[in-house]
Amino acid sequence: MGLLQIIILVLVALSATSVVLTRDPLPQSMAASFYGLLLGILFFIFQAPDVALSQIVVGAVALPLMILLALAKTRGRAE
Amino acid sequence: MSRRGRLFVFVAGALGISALFVWGFSGLPDFGVQPSVYGEQLSERAVDERHATNVVAATTFDYRGLDTMIEEFILFSAVIGILLLLRAQRDEEEDAPHDMAESRRPLPTSDAVRVFGLGLIGPTILFGTYVVAHGHLTPGGGFQGGVVLASGLLLVYLAGEFLSFERLAPEKLMEATEAVAAWTYVAVGLAGLVAGGLFLTNFLPLGRIGDVFSAGMIPLINVAVALEVAAAFVLLSDEFLEQAVLVRKRDRS
Amino acid sequence: MTVLPYVVAAWLFLIGLYGIVTSRNLIHLVTCLAVTQSSTYLLLLAIGYQEDATAPIFGDIPMDAEVVDPVVQAMTLTDGVVSVTVSALLLALAVQTHKRAGTLDPNALRALRG
Amino acid sequence: MTELPALAVAVPLAGAAALVGGTLLKRRRLIDAVAVAVAAGVTVICALLLVESTRGPIVYWFGGWEPDNGLALGISFAIDPIGAGLALLAAGLATAALVFSWRYFDAIGGLYHVLLLVFLAGMVGFTLTGDLFNMFVFFELMGVSAFALTGYKVEESEPLQGALNFGVTNVIGAFLILTGLALLYGRTGVLNLAQLGAALQGTEADGLVVVAFVLLVAGFFIKSAMVPFHFWLADAYAVAPAPVCVLLSAVMSELGIYAIARVYWSVFEGALGGQAPGIRVVIVGIGVVTALIAAVMCFLQRRLKRILAFATMSHAGLFVVGVGLLTPAGLGGTAVYVVADALVKATLFLAIGILLHRYGSGDEYHLHGRGRELPWAGLLFVIGGLGLAGLPPLGTSLGKSLIQQEAALLGYSWMPAVFMVASAVTGAAVLRAAGRIFLGRGTRDDSVRTEDEDEETETSGGEGRTPLVMVVPAALFALLSFAPGLIPAFEHSTTEAAHRFQDRQAYQSAVLQGVSPPLPALVEQSSSPLKGLVSGVVSGVLAIGLALAALSWGRLPLALRRAASPLARVLSGLRNLHSGHIGDYVAWLTAGLAALGGMFALALR
């Protein structure tokens with residue numbers, strides 16, 4: 001397998017780890033967005049453009065956005 | 001359990017699972033060598049049989065169309081579930097629903113952001129439509145395009161106000177759109193019955209390979225899915241946004 | 001290196017579970033769940049991948065070209081949409097829980113004992 | 001007629017989408033009527049499918065994609081009597097739940113009905129499908145609608161936590177299933193169950209096959225709540241509305257077990273069948289442990305729904321024993337037992353719903369003596385409690401005795417003792433609660449004050465009278481729960497169905513070649529009904545005795561109560577494991593998966 005694949009795979013693993021270890025949800029949503037983007041790139045390299053596109057709109061945009069909104073909701077009433 | 005006890009149980013389990021994965025995954029073919037029987041077969045026949053150049057779309061919406069229909073209903077029921085969950089809450093909180101033109105403004109939006117956002121709306125919608133319409137030809141389709149379309153509507157929120165977003169995408173309309181889109185998928189399936197085939201059998205002409213109007217019912221389903229996804233996503237954002245707005249309002253008062 | 005994709009998939013699965021087990025915030029937990037789920041995308045796509053083959057889209061390539069498996073891609077697409085949907089539902093539950101209990105910390109939520 | 005398989009799923013889904021229109025119009029009675037009509041329609045469809053499937057498997061290829069040279073291109077439903085029977089059970093119970101809900105909720109709109117119909121479609125599709133990935137998708141559909149239904153309304157404190165625990169653990173279960181599927185696909189390159197079975201047939205059972213089997217079994221064990229994957233269940237049932245509990249408890253748990261049977265016989269038996277004794281030990285062992293632990297937990301509860309939640313789990317453990325015997329007689333006995341038990345649990349959950357509707361509480365101490373004015377509801381509880389205990393002539397006794405007989409033939413001579421304990425203890429818990437509520441026996445409150453004094457209710461409570469639409473379904477189920485034991489043909493036809501279910505060659509040729517071989521002639525099994533009668537009566541009497549002992553605990557000799565105190569310590573340790581903490585649950589799930597893998601690895605080495 002190509003060097004590019006190896007690099008991206010390792011980056012995906014590292015990025016996933018950082019998503020999990022970022023305990024504060026606000027920075028975590030940013031990390032998750034970056035992770036979604038990396039996965040999207042990986043899927044492009046795996047010759048899966050359909051999945052990659054879906055991963056980018058969903059994983060890098062939609063899900064982090066919803067997390068942010070949920071946070072806004074719960075932050076507002078933190079005592 | 002104490003934090004440490006929990007971690008201990010987990011680590012013990014995780015070690016076991018790692019061993020299990022090594023044992024199981026080692027039976028897989030080497031990465032990048034073996035095409036599957038099923039996948040190869042579909043790649044060979046999809047263009048001829050379905051006149052769709054995107055084999056993934058042909059698989060998703062035709063050969064394995066039932067999966068996608070059910071998946072659409074997963075989305076549908078999740079949205080209904082969220083409406084149910086958050087609506088109960090809103091009823092309790094929205095004590096005085098009429099005073100709010102002023103306080104509903106969540107954040108003062110700067111002019112630069114506003115112009116930027118407004119400028120993006122057109123291209124976004126256009127791009128979304130393109131992605132949906134060419135789903136059977138090139139990468140993309142109802143899901144990806146649907147989210148893009150919804151983002152176009154959300155830009156209105158970014159550019160302007162929550163209120164105008166509400167006006168553009170009133171909740172009732174979105175709910176109805178979502179239901180109609182979900183219903184359309186079933187109706188397409190039933191149309192296959194009426195046309196003399198089985199449920200989800202293609203009943204439209206296949207057209208010329210490469211045309212936007214080709215591949216039978218796939219573009220139609222793509223549009224239904226796009227509407228479903230876009231409406232669902234707008235509804236979800238709207239539902240969460242409204243929650244956030246209500247909270248800010250309360251904090252201010 | 002040919003096992004690397006499988007190793008990474010296993011890693012994503014376990015690290016996500018680790019996050020869930022040790023999470024102190026339900027929203028954080030839902031994100032970790034999404035990480036766990038991404039392991040299945042990677043596994044499926046890696047199984048369907050073929051060296052030197054292109055995407056299964058016959059727009060600009062000859063009809064007899066080698067392409068990667070379209071079925072795993074269809075499955076991953078479905079899986080991905082399901083995943084984000086479930087995440088949204090769980091987020092709504094988390095928001096609602098926060099409203100009732102005033103906290104998102106699983107350690108503080110102990111109403112269902114015994 | 002040929003379109004029935006598709007309609008079984010399309011009708012409830014189309015109905016659900018159409019009902020959204022009804023919610024926008026805010027016509028509650030219209031919504032109720034349409035929802036009940038749709039569910040009743042699905043019931044009829046499933047009944048027709050059941051009748052038709054007794055003549056041979058029904059195979060339906062969606063989109064008309066029939067196999068090409070024996071290779072499946074599309075998705076098929078492959079319907080046999082057991083799958084169709086479960087679908088019928090789900091549809092019938094959903095109809096009853098909707099009728100019951102007519103007057104049960106006052107303030108809710110139609111979204112509840114929409115979700116219930118989607119849930120029904122998910123369950124029906126799950127039982128009928130013949131494709132592994134499609135099974136996963138239906139599993140998720142069932143899950144998503146069930147989480148939302150569980151978390152939607154508040155009865156006791158922190159209800160959403162129950163839905164969250166339910167959601168997170170079940171989603172992880174779905175990942176396990178998908179990972180197992182990916183392994184199988186990597187090996188065989190196909191997804192149709194029959195095709196998978198054909199591809200694995202006669203191959204060596206190496207690590208990949210075993211691990212795929214472990215992952216699928218673990219995923220489905222999460223759904224059916226086997227120890228140690230069970231923690232979510234009591235949390236979810238304690239908070240779900242009573243009519244939803246009927247579906248969760250009487251069908252959804254069973255579907256996990258059905259799925260294990262389905263994948264074992266259609267996919268894995270060809271590769272793993274030679275090592276059936278090893279698999280049997282593991283699965284039966286897990287069933288036994290679950291049955292006993294859950295029975296104990298059941299007896300320790302005071303909230304009616306939690307009592308029933310653990311009773312559900314305990315009996316699901318017994319179902320797993322029946323299926324895990326891996327023989328036609330074991331599966332047939334389980335089928336009888338599942339139907340009978342479903343009717344009993346439906347009766348009980350609806351009876352609890354009636355109490356909640358009337359008194360706004362589902363706690364046996366709060367309700368102490370208040371049920372005196374509702375003797376008929378007390379009767380429902382007593383029938384239910386004795387049904388759980390398996391007293392003849394209730395149908396449960398027949399199912400249990402069939403499984404016990406088969407277990408004894410396979411060398412598990414101690415199995416009747418397990419069945420007796422699990423049945424008697426779960427039955428006793430219900431009878432004890434009934435004695436306290438309807439007769440005012442026992443103490444008014446125990447020493448422990450509960451934290452949920454201000455429990456909210458899912459219905460308005462305090463209703464002066466109970467509407468007929470709530471009484472009739474409950475009474476109907478109580479009557480029906482006698483039926484399986486009294487109709488002799490029922491036992492015969494389930495045994496036949498079980499034989500067919502396990503005939504992998506016939507399944508493959510029906511699905512892939514479209515040819516149904518003639519049905520094999522059945523060997524009549526000599527059953528001794530007397531034996532079942534004795535053990536049934538014994539557990540019934542034991543249950544009554546235990547319930548009476550619990551109600552007069554304070555009056556028992558002090559020495560006896562002292563002797564029980566070490567036991568109490570063990571029990572409180574067990575209770576503490578059920579912490580309500582999602583992190584704990586997932587940690588146990590991880591360890592459980594590893595343990596399950598280890599056990600299968602040893603058994604199948």
Side-chain angles (χ1 to χ4, degrees), chain B residues 3 6-7 9-11 13-14 17-18 21-22 25-26 28-36 38-40 42-43 46-48 53-60 63-64 67-68 70-72 74-75 77-79 81-82 85-86 88-89 137-139 141 143 209-210 229 232 236 239-240 243, chain C residues 1-7 9-11 13-15 17-18 20-22 24 43 46-53 55-61 63-82 84-93 95-96 99-100 107:
Chain B
R3 205 161 279 186
R6 192 181 311 139
L7 201 61
V9 171
F10 171 76
V11 169
I17 293 180
S18 310
F21 277 176
V22 169
F25 287 14
S26 62
L28 283 173
D30 275 348
F31 175 72
V33 285
Q34 185 200 9
S36 82
Y38 189 11
E40 209 171 28
L42 292 189
S43 300
V47 180
D48 282 344
T53 53
N54 183 348
V55 183
V56 179
T59 310
T60 314
Y63 293 102
R64 300 189 63 84
D67 280 343
T68 312
I70 300 308
E71 176 209 323
E72 212 193 348
I74 293 176
L75 186 60
S77 65
V79 172
I82 291 170
L85 285 171
L86 297 182
Q89 176 179 3
L137 302 175
T138 54
F143 295 111
I209 297 178
V229 171
L236 290 186
E239 207 60 39
F240 278 112
Q243 296 292 314
Chain C
M1 287 314 269
T2 53
V3 295
L4 187 65
Y6 303 140
V7 173
W11 174 252
F13 187 83
L14 289 172
I15 193 75
L17 283 186
Y18 169 79
I20 296 170
V21 169
T22 57
R24 269 165 259 152
L43 182 61
I47 284 172
Y49 181 71
Q50 206 183 336
E51 201 83 54
D52 303 321
I57 292 160
F58 293 94
D60 310 314
I61 57 171
M63 286 299 299
D64 55 353
E66 285 281 329
V67 293
V68 301
D69 190 339
V71 176
V72 291
Q73 300 195 7
M75 287 196 281
T76 314
L77 265 180
T78 305
D79 187 22
V81 177
V82 171
V84 70
T85 311
V86 171
S87 300
L89 186 60
L90 292 175
L91 281 175
L93 281 169
V95 167
Q96 191 75 334
K99 189 216 165 213
R100 298 278 167 202
N107 294 310

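Sequence lines set the chain letters: A, B, ... in the order given, protein chains first and strands last, and positions in each chain run from 1. Values below: every heavy atom of this structure, side chains too, minus hydrogens, waters and symmetry copies.
Contacts of B/F21 classified as ring pair (Phe, Tyr, Trp, His ring centres under 6.0 Å), with partners at least two apart in sequence or in another chain: B/F25, C/F13. Listed by chain and residue number, nothing satisfies the side-chain hydrogen bond (donor to acceptor under 3.5 Å, both in side chains) test with C/Y18 (two or more places apart in sequence, or in another chain).
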- Could you go through the side chain to side chain donor-acceptor pair (under 3.5 Å) check for C/T78 and B/D67 one step at a time? CA-CA 8 Å; C/T78 305; B/D67 280 343; 5.7 Å; no
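Between chain B and the options C/A46, C/P70, C/A55, heavy-atom pairs under 4.5 Å are most frequent for C/P70. Between chain C and the residues B/E71, B/E40, B/R64, B/E72, the largest count of heavy-atom pairs under 4.5 Å involves B/E71. Contact count versus chain C (heavy atoms, under 4.5 Å) is highest, among B/A46, B/P139, B/G81, for B/P139. Top candidate by heavy-atom pairs under 4.5 Å with chain B, chosen from C/V82, C/D52, C/V81, is C/V81. The most heavy-atom pairs under 4.5 Å with chain C, out of B/T60, B/V55, B/L236, B/T59, come from B/V55.
When all heavy atoms are compared, the tightest approach of C/L14 to B/S18 is CD1-OG, 3.4 Å. The two residues C/P56 and B/V56 make their nearest non-hydrogen contact at CG-CG2, 3.6 Å. The minimum heavy-atom distance between B/G39 and C/V71, with the atom names listed, is CA-CG2, 3.8 Å. Counting all heavy atoms, side chain and backbone alike, C/V67 lies closest to B/S43 at CG2-OG, 3.4 Å.
Heavy atoms of B/L137 lying under 4.5 Å from chain C belong exclusively to its backbone. Contact of B/I74 with chain C is made through backbone and side chain together, with heavy-atom distances under 4.5 Å. Proximity to chain B (any heavy atom under 4.5 Å) is shown, for C/I61, by neither the backbone nor the side chain.
For the atom pair B/F10 CZ and C/L17 CG, the distance stands at 5.5 Å (nearest 0.5 Å). In this structure, CG on C/L89 lies 8.0 Å from OG on B/S77, to the nearest 0.5 angstrom. The line from CD1 of C/I57 to CG of B/N54 is 4.0 Å long, rounded to the nearest 0.5 Å.
Between the side chain of C/Q96 and the backbone N or O of B/L85, at least one donor-acceptor pair lies under 3.5 Å.
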